[in-house]
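Structure first, commentary second.
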There are 2 protein chains.
Amino acid sequence: MRYSRQRELIHEVIKATNTHPTANWIYKQARKKLANISLGTVYRNLDQLTDAGMINVITEGNMSRYDWNVIPHQHLRCSVCGKMSDIEIPDGEIKEKIKQNHQFDVEKVEMIFVGTCSDHN
Amino acid sequence: MRYSRQRELIHEVIKATNTHPTANWIYKQARKKLANISLGTVYRNLDQLTDAGMINVITEGNMSRYDWNVIPHQHLRCSVCGKMSDIEIPDGEIKEKIKQNHQFDVEKVEMIFVGTCSDHN
DNA sequence: ATATATATAGTAATGATTCCTATTACTTAA
DNA sequence: TTAAGTAATAGGAATCATTACTATATATAT
Ligand SMILES: [Mn+2]
Ligand SMILES: [Mn+2]
Ligand SMILES: [Zn+2]
Ligand SMILES: [Zn+2]
């Protein structure tokens, strides 16, 4: 994967937010710095950055969301405002139980807790 | 929601499999009994059955999958063969901790454990 | 049996994502 | 410092899941 200004910019955009943005949001931000970057380029680089382990992708729902935080963690999604926030859940014990009870080797854990965030009391 | 032969058939198709099928798979099965049922009808009824709590929908990945089992449970997805199987994870304790630590009311828990199933040893 | 409203089939539209291709721009080695 | 060689890009077309539209059909209450 050789250097490109576009990929660096896309990575910077993702690193600058905690909102778990969509590809289109990243595209719009990137265009502010590089007026004619294309949406295809954004998608291609998001895939490459994901494959390289430099970002994470969250595939729940009808649109993928991207995350600069590659340390394993899980998410709370508010069904009222749509905000997605981080939560740490230790999953070593769960993985071990799944291995024992189902003979299933867990590589990746995806938990989404849908509910109402503290902004709506 | 008034009776229709199409909705009954769609529900029957879902109840007859443990594969967590997609809308298109359900459509193809349904056509075997009702040759000109339309895909739009399948989608509309899947939504209605979901809203009525008669089936569940799994929204991980790029296609929704449907589940006759409405008792809360979670899923293992094999990245080799794509098979999706059920797993029971007690989540009451997790929900309580999320409430205390994040002031977030969890309504729905979606966990997917991606890995390798016992068919590939 | 009739009226009313809901559901359907068939088709068009949408929206996210992927694919295609001529051109551009990193990178490496003379 | 050039000049390949090749990976990456912009722009646009294509794909695929899902949703919207609409004229017709059907369920259900009276
Ligand atoms: Mn996160
Ligand atoms: Mn299930
Ligand atoms: Zn909220
Ligand atoms: Zn498998």
Side-chain angles (χ1 to χ4, degrees), chain A residues 1-14 17 19-67 77 79 82 84 110 112, chain B residues 1-14 17 19-67 77 79 82 84 110 112:
Chain A
M1 189 164 63
R2 87 185 175 190
Y3 172 87
S4 84
R5 187 140 96 94
Q6 288 84 346
R7 185 178 306 116
E8 184 173 59
L9 172 58
I10 288 161
H11 199 188
E12 273 167 15
V13 167
I14 295 168
T17 184
T19 61
H20 305 87
T22 64
N24 195 58
W25 187 93
I26 294 163
Y27 170 58
K28 285 192 286 190
Q29 292 300 117
R31 269 198 309 193
K32 292 178 183 174
K33 297 265 181 169
L34 220 58
N36 55 358
I37 191 172
S38 77
L39 185 55
T41 294
V42 172
Y43 274 105
R44 180 165 17 80
N45 280 294
L46 289 172
D47 282 351
Q48 289 177 153
L49 290 167
T50 301
D51 290 347
M54 297 169 75
I55 61 172
N56 263 144
V57 58
I58 303 159
T59 59
E60 189 247 17
N62 60 326
M63 270 184 308
S64 292
R65 303 176 77 95
Y66 298 87
D67 194 339
R77 179 165 61 74
S79 57
M84 185 167 270
E110 297 180 358
I112 308 248
Chain B
M1 189 165 63
R2 87 182 176 193
Y3 172 86
S4 85
R5 185 156 163 228
Q6 287 85 344
R7 184 177 309 114
E8 182 174 59
L9 172 58
I10 289 161
H11 198 188
E12 273 167 14
V13 166
I14 295 169
T17 184
T19 60
H20 304 88
T22 64
N24 196 56
W25 188 92
I26 294 163
Y27 170 57
K28 285 191 289 191
Q29 292 299 118
R31 268 198 309 193
K32 293 177 181 174
K33 296 267 181 167
L34 219 58
N36 55 356
I37 191 173
S38 78
L39 185 53
T41 294
V42 171
Y43 273 105
R44 181 167 17 81
N45 279 293
L46 288 172
D47 282 351
Q48 289 177 154
L49 290 167
T50 301
D51 290 346
M54 297 169 73
I55 60 173
N56 263 144
V57 57
I58 304 159
T59 60
E60 190 246 16
N62 59 327
M63 272 185 307
S64 292
R65 301 176 77 95
Y66 299 86
D67 195 339
R77 179 164 61 74
S79 56
M84 185 167 269
E110 297 180 0
I112 309 250

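Every chain is numbered from 1 and lettered A, B, ... according to where its sequence line falls, protein lines coming before strand lines.
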Handout entry: salt bridge (charged side-chain N to carboxylate O under 4.0 Å, His left out) involving A/R65 - partner list, sequence neighbours excluded
Key = none

Practice task
Apply side-chain hydrogen bond (donor to acceptor under 3.5 Å, both in side chains) to A/T19 and list each qualifying residue two or more places apart in sequence or on a separate chain.
Solution key: A/T17

Problem - Over all atoms of both residues, closest heavy-atom pair of B/T59 and B/S64 - result: CG2-OG, 4.2 Å

Exercise for the section: Starting from P on C/dA7, measure out to CG on B/L34 and report it in whole angstrom. Expected result: 16 Å

Exercise for the section: Quick one: pull up CD in B/Q29 and CG in B/N24 and give me the separation to the nearest 0.5 Å. Expected result: 10.5 Å

Practice task
Return the set of residues passing salt bridge (charged side-chain N to carboxylate O under 4.0 Å, His left out) with A/R44 (not counting sequence neighbours), or none when no residue passes.
Solution key: none

Fill in the blank from the handout: Here the ring-ring contact (aromatic ring centres under 6.0 Å, His included) pairs for residues 22-65 of chain A, sequence neighbours left out, are none

Practice task
With sequence neighbours excluded, give me every side-chain hydrogen bond (donor to acceptor under 3.5 Å, both in side chains) pair touching residues 47-57 of chain A.
Solution key: A/N45-A/Q48

Practice task
Could I get the full list of side chain to side chain contact (heavy atoms under 4.5 Å, CB included) partners for B/M54, not counting sequence neighbours?
Solution key: B/M1, B/H11, B/L49, B/A52

Practice task
For B/E12, enumerate each residue passing the side-chain hydrogen bond (donor to acceptor under 3.5 Å, both in side chains) test, keeping only those at least two apart in sequence or located in another chain.
Solution key: none

Exercise for the section: Taking the side chain as every heavy atom from C-beta outward, state whether A/M84 and A/I112 have any pair of such atoms under 4.5 Å apart. Expected result: yes

Exercise for the section: Spell out protein contact along nucleotides 22-27 of chain C as letters: B when the base is contacted, S when just the sugar-phosphate is, - when no protein heavy atom is under 4.0 Å; keep the 5' to 3' order. Expected result: ---BBS

Handout entry: Residues in side chain to side chain contact (heavy atoms under 4.5 Å, CB included) contact with A/K33, at least two apart in sequence or another chain
Key = A/L9

Exercise for the section: Tell me the partner of D/dA4, counting only Watson-Crick (N1-N3 plus N6-O4 or O6-N4) or G-U wobble (N1-O2 and O6-N3) with both under 3.5 Å; none if nothing fits. Expected result: C/dT27

Handout entry: Opening and closing nucleotides of DNA chain D in contact with chain A, under 4.0 Å to non-hydrogen atoms
Key = D/dT6 to D/dG11

Fill in the blank from the handout: Scanning both residues in full, the closest heavy-atom pair of B/I10 with B/L46 reads CG2-CD2, 3.9 Å

Practice task
Pick base, sugar-phosphate or nothing for B/L39, based on heavy-atom distances below 4.0 Å to the nucleic acid.
Solution key: base

Completion exercise
Sorted by number, residues from residues 19-30 of chain A placing a heavy atom under 4.0 Å from DNA chain D are none

Exercise for the section: Respond yes when some side-chain nitrogen or oxygen of A/S64 is under 4.0 Å from OP1 or OP2 of C/dT17, and no when none is. Expected result: yes

Exercise for the section: Calculate, to the nearest 0.5 Å, the distance between atoms CD and CG belonging to B/E8 and B/L34 respectively. Expected result: 10.5 Å

Problem - Contact residues, residues 40-47 of chain A to DNA chain D [heavy atom, < 4.0 Å] - result: A/T41, A/R44, A/N45

